[in-house]
Each structure stands twice: as structure tokens, then as C-alpha cells.
Amino acid sequence: MTNIVKKTDLNKNDNVKTKKIAHYHLPGLFEFYELYRAFLPLFYQHREYFYDWCDIASIYGAPADCLWGGGRVGFGCNDTGKVLALMQEYGISARLTFSNSLLQKEHLYDKKCNNLCSIFQKNGDVQNGVIIYSDLLLNYIKEHFPGFYFISSTTKVITDFNQFEDELDREEFRYVVPDFRLNNKSEQLEKLSDIQKEKVEFLCNECCWFGCNDRKACYQNVSHKVLGNDCPDHICSAPDAMDGYVFSRAMKNPGFIGINDIINVFLPMGFSNFKIEGRSLGSALVLEFLLYYMTKQEYQLQVRENIYLNHSLDLF
């Protein structure tokens, strides 16, 4: 996918009533509560700053020491009630990231995770969701906390397109997040049914090496650590792995989905759900994602200044 952003293209499309809206699913429900507490009022009170072809559909994450957590180790420690209240104030779906791939029956009775489910299934006008890997946990939550909808986690590392279609056809999932290496399979994606397209949620800004063969092992290593299992750290063998996440490098990834791709390729093709990763990163970098994906270029400085001048935030 191209990552070249032309201002003329964006201005042209911003004044056109598109048939579809890009629904963003943002990182850091617990991890970046303070950032969203500053950003959300700007987004909803100054819509002129932001593209009118996008909205915020959900914010996802997990608190620290969450046994059912996976994908990334959660570090959020904000008050659960405050987090839920912020989402309800703006009508945003809260998603609990419960994508641990190694759960056993004894883990289902974890008090903290059950309490989270009890609190978050009691929602207001907007239904909350669970991002999930384990069918064992899926069935448990369906039985005990039926108020949630479910998202099939990208930690399943579904890279085979036929397997991806099978996952889309599972009735228990409202959305399915494929591995980012399926993002550029345009011919196969276009042949999906309208119902299937509505369920696809693309991971846009992955920085992982496109040729990585260890992605599933990396996620499993996180699951082990969350469960407290004694295991060595996963050593990433990708080129430039020591540099960590670099957004400019992610933009060169063959699976990267930029805003021109969303406007000119994916929305016209019938797709509308886009996930932004970043809950293990710093809030300053997540702000850059919000600026790039949602904020008009001529207003990015105003948004950045509003956030940076908020003295309650520690963006670094």
C-alpha cells in the first residue's frame, strides 16, 4: 500500500459525502486514559480540526496484571470506573483485550478479570466488546457475561486467506483482525461478500518485519509472561529490531495502510474498520498516530499544542 499523503487528495475527499465512514479502533483504553481525556474533547468539540470521513468506534486495552491479557503486556493502572465513564461520556465502545493464547480452565475464575467483565458489560447506549484468542475463554464469557460482542484477535496470526474466510464466517465474531500481511491481498479481499467485508478490521500501522516467521511465538511469549510462567524472553530476529517501533519505518511496510489507502482503496471496496496499534508504546507516539490518521494537516499543530500544553499529561 502507498503511504504518500497528498494534501490535494485529502482536501478533495474531505468535502465529499462518502458512502462509508472509516471507523477507527484505537489503542490504550487503560494505558492512555489521560491522553484520551485531553484528546476526546478536542475531537468532538472541534470537528473542523478532523477529517469528516472518520470516527472513533472503540478504544481497546487491558489493565496491568490482567491474567487474560495478551498481545502486549498491559501497563494501565487507571481507575476502571473513570475509564468506563469517559467512554460512556463520548459514546465510544470499550474493548477489553483478553487475547492470552495459553489459558487453561483454572484461569477462568480469576477474580480481577471476572470483575472487569462484570463492570464493562454494564454499559450505556454503546455495547462494549472483548478482543479474544481462546475459544475456552470465549465460551466462558458468552455464558457468564452475555452483554459483550467479540473480536477475533490478530494474535491468532491468520495469514492463510482461506482460514481467514473461515474465521469471518464464525457467527460469534462481530469483527476479525487478520494478520497485517493480508492487508495487500487486494484481489482476494475484493471478492469477499459484503457481510464478510463488514467484519474485517485491518491492522494499519504494524511495524513488525513483513517476512517475520516468529510472530506467533512472540505473542505466546507475552501470554507466558502474563500468566507468570518462567520462560526466556523472546528474541526478535527481524532486521532493525533493536530500534523498537519507528513510525516512519512502519510506513514503508508492505502491509501499511495509510490514509490515502483508506480513502481511495478500502472505503470504496466496502471496508470500514481500521485498527491502530500502539498500547505498548508511549503516549507521545500514539498522539502522532491520532494526528496522522484523524487530523487535518492544517490543524495538526493546534491539536498538538492543546495536548502538549495540558500540564496534567506526561507524554514522554
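In what follows, every heavy atom counts, from backbone to side chain, and hydrogens, waters and symmetry copies are set aside. Residues: numbered from 1 along the sequence shown.
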Run the side chain to side chain contact (heavy atoms under 4.5 Å, CB included) test against [X] and tell me which residues pass, sequence neighbours left out.
{"X": "E89", "value": "L86"}
{"X": "E165", "value": "F161, N162, L192, Q196"}
{"X": "L136", "value": "L108, S134"}
{"X": "H46", "value": "L42, E48, Y49"}

So, for [X] and [Y], which heavy atoms are closest and what is the spacing to 0.1 Å?
{"X": "L116", "Y": "C66", "value": "CD1-SG, 4.2 Å"}
{"X": "Y60", "Y": "I276", "value": "OH-O, 2.6 Å"}
{"X": "L182", "Y": "P178", "value": "CD1-CB, 3.9 Å"}
{"X": "V286", "Y": "G278", "value": "CG2-O, 3.6 Å"}

*asked:* Exactly one of Y90, Y36, F50 should register a ring pair (Phe, Tyr, Trp, His ring centres under 6.0 Å) with Y44. Which one does?
replied: Y90
Atom pair [atom1]/[atom2] of [X] and [Y] - distance to nearest 0.5 Å:
{"X": "F256", "Y": "C204", "atom1": "CZ", "atom2": "SG", "value": "7.5 Å"}
{"X": "L40", "Y": "Q45", "atom1": "CG", "atom2": "CD", "value": "10.0 Å"}
{"X": "H144", "Y": "S118", "atom1": "NE2", "atom2": "OG", "value": "12.0 Å"}
{"X": "H107", "Y": "L102", "atom1": "NE2", "atom2": "CG", "value": "9.0 Å"}
{"X": "Y33", "Y": "M87", "atom1": "OH", "atom2": "CE", "value": "8.5 Å"}
{"X": "K199", "Y": "N273", "atom1": "NZ", "atom2": "CG", "value": "12.0 Å"}

*Does any pair with a residue in residues 141-155 pass salt bridge (charged side-chain N to carboxylate O under 4.0 Å, His left out), and if so which ones, sequence neighbours excluded?*
none
*Scan residues 90-106 for pairs that pass salt bridge (charged side-chain N to carboxylate O under 4.0 Å, His left out), counting only residues two or more places apart or in two chains.*
R95-E201
*Return the orientation label for the F43 and F39 ring planes: parallel under 30°, perpendicular over 60°, tilted otherwise.*
parallel
*In chain order, what residues pass the salt bridge (charged side-chain N to carboxylate O under 4.0 Å, His left out) check against D135, with sequence neighbours excluded?*
R170
*Quick one: list whatever passes salt bridge (charged side-chain N to carboxylate O under 4.0 Å, His left out) with E288, sequence neighbours left out.*
R304
In the structure I gave you, are the side-chain heavy atoms of [X] and [Y] within less than 4.5 Å of one another anywhere?
{"X": "I131", "Y": "K275", "answer": "yes"}
{"X": "K156", "Y": "E167", "answer": "yes"}
{"X": "Q127", "Y": "S93", "answer": "no"}
{"X": "F173", "Y": "L138", "answer": "yes"}

Within the distance-only criterion (no hydrogens, no angle test), does the side chain of [X] pair as donor or acceptor with the backbone N or O of [Y] below 3.5 angstrom?
{"X": "N306", "Y": "V303", "answer": "no"}
{"X": "Q121", "Y": "G147", "answer": "yes"}
{"X": "S153", "Y": "I132", "answer": "no"}
{"X": "T295", "Y": "L290", "answer": "yes"}
{"X": "N183", "Y": "L203", "answer": "yes"}
{"X": "K197", "Y": "E190", "answer": "yes"}
{"X": "N128", "Y": "A94", "answer": "yes"}
{"X": "K20", "Y": "L267", "answer": "no"}

*Between K112 and D110, is the closest basic N to carboxylate O distance under 4.0 Å?*
no
_For N114, give me all partners under side chain to side chain donor-acceptor pair (under 3.5 Å), at least two apart in sequence or on another chain._
Y140
Set of ring-ring contact (aromatic ring centres under 6.0 Å, His included) partners for [X], sequence neighbours left out:
{"X": "F98", "value": "W68"}
{"X": "Y293", "value": "Y24"}
{"X": "F289", "value": "Y245, F247"}

